[in-house]
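The shown structure was predicted, so the numbers you read here are calculated from the model rather than taken from an experiment. Letters A, B, ... mirror the listed sequences (proteins, then strands); counts begin at 1.
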Number of protein chains: 2
Amino acid sequence: MDQKISQKVVERLTLYHSILIEYLEEGIEAISSPQIAARLKIDDSQVRKDFKLLNNAGKCRVGYLVKDLKESIENTLGFSAPKDAFIIGAGNVGLALAKYDNFTNYGLNVLALFDNDPIKVGMEFDNKQIFHISKLPNLAERLNVDIVILTVPRQQAQKVADFAVESGIKYIWNFSPVILRVPSGVNVWNENLIASFLQFAYKNIIGS
Amino acid sequence: MDQKISQKVVERLTLYHSILIEYLEEGIEAISSPQIAARLKIDDSQVRKDFKLLNNAGKCRVGYLVKDLKESIENTLGFSAPKDAFIIGAGNVGLALAKYDNFTNYGLNVLALFDNDPIKVGMEFDNKQIFHISKLPNLAERLNVDIVILTVPRQQAQKVADFAVESGIKYIWNFSPVILRVPSGVNVWNENLIASFLQFAYKNIIGS
DNA sequence: AAAATATTGTGATTATTATCACTATTATTA
DNA sequence: TAATAATAGTGATAATAATCACAATATTTT
Ligand SMILES: NC(=O)c1ccc[n+]([C@@H]2O[C@H](COP(=O)([O-])OP(=O)(O)OC[C@H]3O[C@@H](n4cnc5c(N)ncnc54)[C@H](O)[C@@H]3O)[C@@H](O)[C@H]2O)c1
Ligand SMILES: NC(=O)c1ccc[n+]([C@@H]2O[C@H](COP(=O)([O-])OP(=O)(O)OC[C@H]3O[C@@H](n4cnc5c(N)ncnc54)[C@H](O)[C@@H]3O)[C@@H](O)[C@H]2O)c1
């Protein structure tokens, strides 16, 4: 599992991408590394080195072409490789994610939701149906889905993750504030909003 | 602004905290650095060095006391320092965050929401009212609030952030996928779920 | 046309972070 | 009680990441 591009660089690529969208909307064709660096408060040589990694050449006194750069980042990050996923837990967070229509632009397609609450099962949002959790193994196999977005309460998270893994799930985007135990071959990415808030607060408010 | 504890360490402290909650719930009194390290797939010496920073001593052959360690992390990260905040944008994400009753345990108190949609203004959730955005300057001053959680659509984010800054806001937890321009003295923490998904996908699915 | 300026590209350097390797200590086992 | 094993604590080392410094180049200005 040798990554050509480090996670640190990938993180910055996503930031560059946000800025490039803005420039594109404003109709600006070229952008320079000092401009980007100033926005992100990083060193401009860093920006150039990152773009070099994508084999993206700039032009002296001009900068980089916004359109090319954006496409280059999108190719690298696999925007056009469709990634089908299920959401498990049709609660506040699960439904918010399901209703967000922008994920498909980034390669993420939510096909359906799963829940164990009989009231929720059967409901539909934007062509996305809520199924009973017991249907997960069958549908995961039939639709060839191996990615889930886990948005169940903390107390249920490990149990539900186990069930997902049994159902053939290989990638879990985990929104519960729990460190999941998964067998090797299964990958977890934690979206821990509480942890994120704590980091924010420490950096800016507490630890100064 | 010299931080005694680096952001990297703070990030791990939040992870340790999740694990400690689990141990506490299971009634286990002590935990060792190799145990924690195994859960997080990091080096055990790293764990010990982090705990040393908090002046938390362990005991040979036993480990660290779960209760002490948890309190120590909570003190360091300022759990008991109450931080009042407003949510701007009572949409899918804003409401999900407003309904989450667990933030107060970590020091974050959401006092109210703001929106510009007349249908939403006046509604109430869990004692949290939705005010018209025009009320922000007044309420921020009266309630002495300088933290906002920004959950408006991408296109409005910069404009609304500008207004928040004019209203005296100093800390912005930004959920919109936009790099905000703010004057110095104002601090932004980005919670970019799209960017996070891209990192997840690159690490595990694309770039392998 | 020449000078001034802004920018890329990149090797060298520095800073930060993580790991290794080992000693000291203490509980458990024989 | 002695031997064994698990763990904390920590300096040395390695790996990773960010910054600096500057030559090369292209555009703009005079
Ligand atoms: N709401 C937030 O703002 C917020 C913030 C930080 C963290 N989180 C975390 O995100 C997760 C979801 O939060 P939420 O506010 O959406 O919770 P929620 O209670 O609104 O939704 C959870 C959903 O999971 C379903 N569920 C419960 N057990 C299940 C099972 N065994 N199988 C299938 N579905 C099951 C419930 O029926 C419910 O619909 C939680 O782990 C929470 O800690 C939420
Ligand atoms: N929903 C998701 O899962 C998701 C995922 C990733 C990112 N985001 C980002 O989070 C943000 C919120 O997303 P959402 O799905 O909750 O959007 P939403 O449309 O459901 O909610 C946005 C809210 O902001 C309000 N608003 C708009 N302009 C305003 C203004 N000028 N002043 C005050 N309020 C205003 C709207 O009335 C609405 O209630 C967006 O920037 C979105 O890109 C959302």
Practice prompt. With the side chain of A:R48 defined as its heavy atoms from C-beta on, choose the nearest nucleotide among C:dT8, D:dT7, D:dA18.
Written response: C:dT8
Worksheet item: Below 3.5 Å, does any donor atom in the side chain of A:K49 face an acceptor in the base of C:dT8, or the other way round?
Response: no
Practice prompt. Assess whether side chain to side chain contact (heavy atoms under 4.5 Å, CB included) is satisfied between A:I172 and A:N187, documenting all intermediate values.
Written response: CA-CA 6 Å; A:I172 300 176; A:N187 308 280; over 6 Å; no
Discussion item. Between B:R12 and A:S45, which residue's closest nucleotide on DNA chain C lies nearer the 5′ terminus?
Written reply: A:S45
Practice prompt. In whole angstrom, give the distance that lies between atom CG of A:L53 and atom C1' of C:dT10.
Written response: 13 Å
Worksheet, complete the sentence: Ranking C:dA18, D:dA8, D:dT19 by distance to the side chain of B:P34, first place goes to D:dA8
Item to complete: Report the nucleotide, chosen from C:dC20, D:dG9, C:dA4, that has the shortest atom-to-atom distance to any side-chain atom of B:A57.
Response: D:dG9
Discussion item. Mind checking if B:F51 touches a base, just sugar-phosphate, or nothing, with heavy atoms under 4.0 Å?
Written reply: nothing
Worksheet, complete the sentence: With the side chain defined as heavy atoms from C-beta on, B:Q46 is closest, among C:dT25, C:dA18, D:dA26, to C:dA18
Practice prompt. Quickly work out the B:D43 CG to D:dA12 P distance and round it to whole Å.
Written response: 18 Å
Worksheet item: What's the closest nucleotide to the B:S33 side chain, out of D:dC20, D:dA8, C:dA21?
Response: D:dA8
Fill in: Integer-rounded Å distance: D:dT7 P and B:Q35 CD
7 Å
Fill in: CA sep, side-chain torsions, deciding dist, call: B:W173, B:E191, side chain to side chain donor-acceptor pair (under 3.5 Å)
CA-CA 7 Å; B:W173 190 9; B:E191 198 71 45; 2.9 Å; yes
Discussion item. Is there a side-chain contact between A:K59 and the phosphate of D:dT27, meaning an N or O under 4.0 Å from OP1 or OP2?
Written reply: yes
Fill in: Residue A:K8, side-chain atoms from C-beta onward, closest of C:dT8, D:dT10, D:dA18
D:dA18
Worksheet item: Rounded to the nearest Å, what distance is computed from the CG atom of residue B:L54 to the C1' atom of nucleotide D:dG9?
Response: 15 Å
Fill in: A:V9 or A:C60, whichever maps to the more 5' nucleotide of DNA chain D
A:V9
Worksheet entry | Plane angle bin for A:F200 and B:Y171 - parallel if under 30°, tilted between 30 and 60°, otherwise perpendicular | perpendicular
Worksheet entry | Test item: A:D43 side-chain N/O and A:S45 main-chain N/O as donor-acceptor pair under 3.5 Å | yes
Worksheet item: A:N55 CG to C:dG9 P: how many Å, rounded?
Response: 11 Å
Item to complete: Could you tell me which nucleotide pairs with C:dA30 by Watson-Crick or G-U wobble geometry, both distances under 3.5 Å, or answer none if nothing does?
Response: D:dT1
Worksheet item: For the pair made of CD1 in B:I31 and P in D:dA8, what is the distance, rounded to whole Å?
Response: 10 Å
Fill in: Between C:dA18 (C1') and B:K41 (NZ): distance, integer Å
18 Å
Item to complete: Hey, can you tell me if A:F103 and A:Y100 have their rings parallel, tilted or perpendicular (30° and 60° cut-offs)?
Response: perpendicular
Worksheet item: Can you tell which of C:dC20, D:dA8, D:dA26 lies closest to the side chain of B:S32?
Response: D:dA8
Response to the item:
From CG of A:D44 across to P of C:dT10 the rounded distance in Å is 15 Å
Discussion item. Using a 4.0 Å heavy-atom cut-off, does A:K52 contact any base of the nucleic acid, only the sugar-phosphate backbone, or nothing at all?
Written reply: sugar-phosphate
Worksheet item: On a plain distance test, is the side chain of B:R61 in donor-acceptor contact with the base of D:dA8 below 3.5 Å?
Response: no
Practice prompt. Inspect the contact between A:E22 and B:R181 and indicate whether a charged nitrogen and a carboxylate oxygen are less than 4.0 angstrom apart.
Written response: yes
